[in-house]
Amino acid sequence: GINTFSRLVPSVPLRLSLPPRARASDQTQQLLSQYGRQTTFNTIVTTQGMNRSQAVGLFYELLVLKTNSAIDVEQTEPFGDITITEVRTG
């Protein structure tokens with residue numbers, strides 16, 4: 001139930017909408033390009049030695065890239081790894 005969920009996830013303020021015309025940083029786009037057309041969130045976080053704060057920042061930027069149709073993401077089970085696939089244009 002909700003009480004169980006609220007014990008698992010700490011209460012943090014959430015930003016529910018992206019700023020107008022949000023875009024991922026060039027640094028994140030370059031980072032993703034190092035992994036080829038497809039990788040996973042956990043692979044990036046682990047191989048880059050990211051701490052929790054850096055992983056959260058990467059996750060946010062992945063949401064921006066997905067919103068802008070630059071990547072596709074798939075998560076096959078709750079709390080499972082996230083597959084990140086580059087979207088090829090043109």
message: Please say yes or no: joined through hydrophobic side-chain contacts below 4.5 Å, possibly via intermediate residues, are Ile82 and Val56 part of one cluster?
response: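 Different clusters: Ile82 never reaches Val56 through Ile, Leu, Val, Met, Phe, Trp or Tyr contacts under 4.5 Å.
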- prompt: What residues form a side-chain contact (heavy atoms from CB on, under 4.5 Å) with Ala70, not counting sequence neighbours?
  reply: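 With sequence neighbours excluded, Ala70 shows a side-chain contact (heavy atoms from CB on, under 4.5 Å) to Leu65, given in chain and number order.
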Holding to side chain to side chain donor-acceptor pair (under 3.5 Å), I want the full list of residues that pass it with [X], two or more places apart in sequence or in another chain.
X	result
Thr46	none
Gln48	Tyr35
Gln38	Thr85
Thr28	Ser25, Glu61

Within-4.5 Å side-chain heavy-atom neighbours: Val73 and Thr83: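 No; the side chains remain at least 4.5 Å from each other.
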message: I'd like to check Met50 versus Ile44 (side-chain heavy atoms, cut-off strictly below 4.5 Å). Are they in contact?
response: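 Touching, per the 4.5 Å side-chain cut-off.
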- prompt: With sequence neighbours left out, which residue pairs that include part of residues 62-78 fulfil the salt bridge (Lys or Arg N to Asp or Glu O under 4.0 Å) condition?
  reply: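 Pairs touching residues 62-78 that pass the test: Lys66-Asp72.
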message: Around atom CD of Gln27, are there more than 12 heavy atoms from other residues, nucleotides or ligands closer than 6.0 Å?
response: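 Not more than 12 within 6.0 Å, no.
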Closest contact, heavy atoms only, Val45 versus Ala55: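 For Val45 versus Ala55, the nearest heavy atoms are CG2-CB, 4.0 Å.
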task: Could you tell me whether the side chain of Thr47 and the main chain of Thr43 form a donor-acceptor pair under 3.5 Å?
output: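 Confirmed, Thr47 side chain pairs with Thr43 backbone.
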field: Derivation of the side-chain contact (heavy atoms from CB on, under 4.5 Å) call for Leu62 and Leu32
entry: CA-CA 10 Å; Leu62 293 176; Leu32 289 175; 3.9 Å; yes
field: Asp81: salt bridge (Lys or Arg N to Asp or Glu O under 4.0 Å) partners, not counting sequence neighbours
entry: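 Counting only residues at least two positions away or on another chain, Asp81 forms no salt bridge (Lys or Arg N to Asp or Glu O under 4.0 Å).
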